[in-house]
Asks: 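Encoded as structure tokens, here's the structure I'll be asking about.
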Amino acid sequence: MKNRELADIFTEMASFESLEESENARFKTRAYQKVAGILDSLQEDIAEIYKKGGVKALMEIPGIGKAIAEKIEEYLTTGKIAKYEEYKAKYPIDFKELTKIEGIGTKTALSLYKELGIKNIADLKDAISRGEISKLPGFGEKSEELLDKGIKQLESSKGRLLLSEALPVAEFIVERLRKSGLAEKVEIAGSTRRMRDTIGDIDILAIGTSSSEIMDLFTGLEDVERTVVKGPSKTTVYLKIGTTCDLRVIEPGSFGAAMQYFTGSKDHNIQVRKVAINKGYKLNEYGLYDRAGNMVSGVGEQELYNKLGMDWIPPEMRENRGEIELAMKHKLPNLIQYSSLKGDFHTHTKDTDGSNTLEEMVEYARKYGLEYIATTNHTKSLKVARGMDEARFSEYFSKVDRLNEELGKDFHILKGAEVDILKDGSLDLDNKTLGDMECVVASVHSNFNMAKDEMTKRVTTALESGYVNILGHPTGRLINERPPFQIDLEKVAESAESNNVVLEINAFPTRLDLKDTDIMLTSKFRVNYAIDSDAHNISHYSVLKYGIGTARRGWLEPGRVVNTFHLDKALRMLKK
DNA sequence: GCCGTTTTCGGCCCGACTGTTTTCAGTCG
Ligand SMILES: Nc1nc2c(ncn2[C@H]2C[C@H](O)[C@@H](COP(=O)(O)OP(=O)(O)OP(=O)(O)O)O2)c(=O)[nH]1
Ligand SMILES: [Mg+2]
Ligand SMILES: [Mg+2]
Ligand SMILES: [Zn+2]
């Protein structure tokens, strides 16, 4: 897809533009940045949009106007953008690489290039080792040291953490700050509060009046590798685990405004602040102020949204994807709640690649508060997982029957499988075995590199078999390891609707598949969803919260999620 | 460069921290 390429080009254009002297350069920069972000998250292929509707269709995308639409056209038809080439010749600098270093922006990169011909990190390292930086005008000893540390930090950084990696760290730091008694309140903010699938850095808000003590405690935590910046209101540290953590300390009267600010997202904040402006207010992290400068709201986050004419928006929805308009119209969805799941349709045991027995999986499901699970082991083609054949399933299910009898009415195990969708779209078990099951999860585990239409055909063929209840991890992505395979999710959802197949929101933190935007894309169809743990051991039920967070980010109401219902109703919804 | 139930021109979110800047630009949240 050209989306990615064009996003990179416009990000570079933004860098170039930020160095221009013209009056409007700042705002052009932002326009380019905004378009890059839009192209990055655009679901449709930009080339397709252009092919169907030309420049006019491009301009219908908010953020894309005439000038940028024509640049996109130029790129799609000639493979080049003249303006870009012109800038690139003027600034032959790898901004993408250099600005990844904390503290280096485009202006710094430019003076490094002008003074020392530095174009990339390798050049910069050489200059530092020769001690050339500190002699430069506008730079000193500290700047050189900062750049050196910045490079080391970048090299040791893990990149974006999984939500499941970041959340416990955030909770631990919050606990430490709370226990100190120095703060009235300590809360998680940022992308972690929004339950994003990956976390760039951890953000924590403390409410209190003794900020310097709180900051000292924070920078002194044993998990801290070094302090990056430290002030009375904001401190940034680099943690030993290879990620950054920001702490803001704000006074009690501003709790709501500070939470609103620090939860983000940035785009959501900007949009909310525009609403404030239109109402004659000013909004910042300290409060909402009228023209005379009087505080209109500060303590309560809900009150803040209300004063702006909106309903309170759940953090998971704060991505500027239309939630602000809905909140104004009082039409926000009633999102699925945490701990509202009654069951789990996707679990493994040590009979294949799990590490616990079915008895243990049941025991812990009950401890977790569930009323039923489906036991869905892998099928024979998945040899690395010791997938089971028909005979083993038959034997296994007699054990399930015995266990169900012992359990009585308290808990129920559904007989199922996570059956491989083979290359041709057929299923990896015979129809008799599949027909006897109560919960067939069908998943792609092989041949990921098919063309988009072939993969779509493969999956829809499986859905049309009449045996599939749930489509497992529909895009196959493994976060930070493997991109999703090419598939037309709208066609899949359409097929799921007509064949009564439920789409999975696999809650396993490396998957979170479907992801938030895929849920929004597919929920236009009359399909239901299942939030499944994909548990491979007894502790994995705890990942269900990440699946619920993802469902909330996809704006799902509980009525669309099959396992929010008790067994009877859930089974009726799964029925073919 | 984009955009418009007050606008097709004149706005564009708002503030914290750092360094060598003698009064604030650059970078970041
Ligand atoms: N108003 C405003 N708020 C911002 C801006 N940049 C960041 N924020 C707020 C909203 C963000 O969610 C919050 C934390 O900033 P981060 O850079 O850590 O972003 P966030 O946590 O959303 O994503 P991340 O996973 O860390 O990349 O600070 C900005 O430019 N303007
Ligand atoms: Mg963050
Ligand atoms: Mg942050
Ligand atoms: Zn699987």
Side-chain angles (χ1 to χ4, degrees), chain A residues 10 13-20 22-36 38 58-72 83 95 98-112 133-147 149-150 189-191 200-205 211 215 227-237 244-250 254 257-258 260-289 308 320 325 328:
Chain A
F10 288 123
M13 286 293 285
S15 298
F16 299 147
E17 200 61 57
S18 72
L19 299 168
E20 294 294 299
S22 82
E23 182 78 357
N24 267 334
R26 283 178 51 206
F27 300 108
K28 287 193 186 183
T29 300
R30 246 196 296 190
Y32 282 127
Q33 277 166 348
K34 199 172 156 195
V35 166
I38 288 162
L58 295 175
M59 285 176 68
E60 271 163 31
I61 301 170
I64 297 182
K66 191 160 185 291
I68 287 181
E70 282 171 0
K71 287 189 177 65
I72 293 174
K83 187 82 178 278
F95 287 109
L98 282 169
T99 57
K100 274 194 196 131
I101 300 168
E102 174 127 39
I104 296 194
T106 51
K107 306 272 169 71
T108 308
L110 181 64
S111 45
L112 289 172
I133 303 289
S134 55
K135 301 188 196 97
L136 259 40
F139 293 80
E141 293 292 330
K142 292 213 171 166
S143 347
E144 183 165 304
E145 204 183 312
L146 204 76
L147 296 186
K149 280 181 179 162
S191 49
D201 74 354
I202 294 168
D203 302 284
I204 294 171
L205 172 66
S211 104
M215 293 307 189
T227 301
V228 182
V229 293
K230 188 176 184 182
S233 169
K234 187 181 101 175
T235 289
T236 300
V237 298
T244 297
C245 182
D246 290 327
L247 175 68
R248 289 218 55 171
V249 179
I250 291 189
S254 296
Q260 197 287 321
Y261 154 73
F262 213 26
T263 298
S265 65
K266 175 181 170 177
D267 288 349
H268 173 89
N269 285 358
I270 290 174
Q271 204 57 35
V272 170
R273 286 173 183 207
K274 282 183 184 162
V275 172
I277 291 169
N278 287 335
K279 291 195 180 295
Y281 294 128
K282 182 180 79 167
L283 176 62
N284 59 29
E285 62 265 53
Y286 302 104
L288 182 67
Y289 301 88
L308 291 170
N320 193 28
E325 291 74 8
M328 301 268 233

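All heavy atoms count here, side chains included; hydrogens, waters and symmetry mates do not. A note on names: the letters A, B, ... follow the listed sequences, proteins ahead of strands, and every chain is numbered from 1.
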Asks: Taking any heavy-atom pair under 4.0 Å as a contact, classify A:R26: base, sugar-phosphate, or nothing.
Replies: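 The residue A:R26 makes no contact with any strand.
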Asks: Indicate, with a heavy-atom threshold strictly under 4.0 Å, whether A:T235 touches base, sugar-phosphate, or nothing.
Replies: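 Here A:T235 touches no strand at all.
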Asks: Suppose we define a pair by two distances each less than 3.5 Å, Watson-Crick or G-U wobble; what does B:dA25 pair with here?
Replies: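 Across any shown strand, B:dA25 pairs with B:dT18.
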Asks: Polar pairs (N or O, both sides) under 3.5 Å between protein and nucleotides 8-12 of chain B?
Replies:
residue: B:dC12; atom: N4; partner: A:N24; partner atom: OD1; Å: 3.1

Asks: Taking CG from A:D246 and C1' from B:dT18, how many angstroms apart are they, rounded to a whole number?
Replies: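 Distance, rounded to whole Å: 15 Å.
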Asks: When you measure from the side chain of A:K83, which nucleotide among B:dG26, B:dG1, B:dG29 comes out closest?
Replies: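 The listed nucleotide nearest to A:K83's side chain is B:dG1.
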Asks: Just to be sure I understand the rule, does A:I64 reach a base, reach only the sugar-phosphate, or reach nothing, if contact means heavy atoms closer than 4.0 Å?
Replies: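 Result for A:I64 = sugar-phosphate.
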Asks: Taking atom P in both B:dG15 and B:dT20, what distance in whole Å separates the two?
Replies: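 Each nucleotide's P atom is 27 Å from the other's.
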Asks: Considering only B:dT20, B:dA16, B:dC2, which nucleotide approaches the side chain of A:R248 most closely?
Replies: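 The nucleotide sitting nearest to the side chain is B:dA16.
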Asks: Whole-Å distance between B:dC28 C1' and A:K230 NZ?
Replies: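 In whole Å, B:dC28 C1' lies 19 Å from A:K230 NZ.
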Asks: At under 4.0 Å between heavy atoms, what does A:K142 touch on the DNA or RNA strands: base, sugar-phosphate, or nothing?
Replies: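 Since only primed, P, OP1 and OP2 atoms lie under 4.0 Å of A:K142, the category is sugar-phosphate.
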Asks: Mind checking A:N269 for me? I need base, sugar-phosphate or nothing, with any heavy atom below 4.0 Å counting as a touch.
Replies: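 No contact.
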Asks: Once you round it to whole Å, what is the distance between P of B:dT27 and CG of A:L98?
Replies: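 Nearest whole value for this atom pair: 12 Å.
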Asks: Hey, does A:Q271 reach any base, or is it just sugar-phosphate, or nothing, if we go heavy atoms under 4.0 Å?
Replies: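 A:Q271: no heavy atom of the nucleic acid under 4.0 Å.
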Asks: If I pick the C1' atom on B:dT21 and the same atom on B:dG26, what distance separates them, to the nearest angstrom?
Replies: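 Their C1' atoms lie roughly 11 Å apart.
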Asks: Using a cut-off of 4.0 Å on non-hydrogen atoms, how would the nucleic acid contact of A:T236 be classed: base, sugar-phosphate, or nothing?
Replies: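 Here A:T236 touches no strand at all.
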Asks: Please report the distance, rounded to the nearest Å, between CG in A:L147 and C1' in B:dT27.
Replies: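 The answer, rounded to whole Å, is 12 Å.
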Asks: Indicate the atoms forming the closest heavy-atom contact of A:D203 with A:G190, along with that distance.
Replies: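 Nearest heavy atoms, A:D203 then A:G190: OD2-CA, 3.6 Å.
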Asks: Taking the minimum atom-to-atom distance to the side chain of A:K107, which one of B:dC28, B:dG26, B:dG1 wins?
Replies: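 So the nucleotide nearest the side chain must be B:dG26.
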Asks: Base, sugar-phosphate, or nothing: which does A:K34 touch, judged by heavy atoms less than 4.0 Å apart?
Replies: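 No contact.
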Asks: Rounded to the nearest angstrom, tell me the gap between atom CG in A:L19 and atom P in B:dT27.
Replies: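 Checked: the CG to P distance equals 9 Å.
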Asks: Starting from C1' on B:dT27, measure out to CD on A:Q33 and report it in whole angstrom.
Replies: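 After rounding, the gap between these two atoms is 12 Å.
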Asks: Just the rounded figure in Å: distance from C1' of B:dG15 to CD of A:E285.
Replies: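 Going from CD in A:E285 over to C1' in B:dG15 covers 5 Å.
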Asks: Aromatic rings A:F16 and A:F95: how do their planes relate, parallel, tilted or perpendicular, breaks at 30° and 60°?
Replies: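 Correct class here is perpendicular.
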Asks: Which residue, A:R273 or A:E102, contacts DNA chain B at a nucleotide closer to its 5' end, judged by nearest heavy atom?
Replies: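 In this pair, the answer is A:R273.
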Asks: What is the nucleic acid contact for A:I101, judged by heavy atoms within less than 4.0 Å: base, sugar-phosphate only, or nothing?
Replies: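 Counting heavy atoms under 4.0 Å across all strands, the contact made by A:I101 is with sugar-phosphate only.
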Asks: Rounded to whole angstrom, note down the C1' distance from B:dT7 over to B:dC12.
Replies: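 Going atom to atom, C1' in each nucleotide, I get 13 Å.
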Asks: Find which nucleotide of DNA chain B each of A:P232 and A:G105 is nearest to by heavy atoms, and output the residue with the more 5' nucleotide.
Replies: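 The residue mapped nearer the 5' terminus is A:P232.
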Asks: Students often get this wrong, so: under 4.0 angstrom with heavy atoms, is A:Y261 touching a base, only sugar-phosphate, or nothing?
Replies: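 If one applies the 4.0 Å heavy-atom cut-off, A:Y261 turns out to touch a base.
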Asks: Sticking with atom C1', work out how far B:dT8 lies from B:dC3, rounded to a whole angstrom.
Replies: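 Per the computed distance, 9 Å lies between those C1' atoms.
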Asks: What is the distance from CG of A:N278 to C1' of B:dC3, rounded to the nearest Å?
Replies: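 Distance check: A:N278 CG to B:dC3 C1' gives 12 Å.
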Asks: Consider the side chain of A:Y286, meaning its heavy atoms from C-beta on, and name the nucleotide among B:dA16, B:dC3, B:dT18 that approaches it most closely.
Replies: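 That would be B:dA16.
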Asks: Check every atom of B:dC2, B:dG26, B:dC17 against the side chain of A:T108 and return the nucleotide holding the closest atom.
Replies: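 Closest of the options to the side chain of A:T108: B:dG26.
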Asks: Counting side-chain heavy atoms from C-beta on, which of B:dC3, B:dC14, B:dG1 comes nearest to A:N284?
Replies: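 Taking heavy atoms from C-beta onward, the closest nucleotide is B:dC14.
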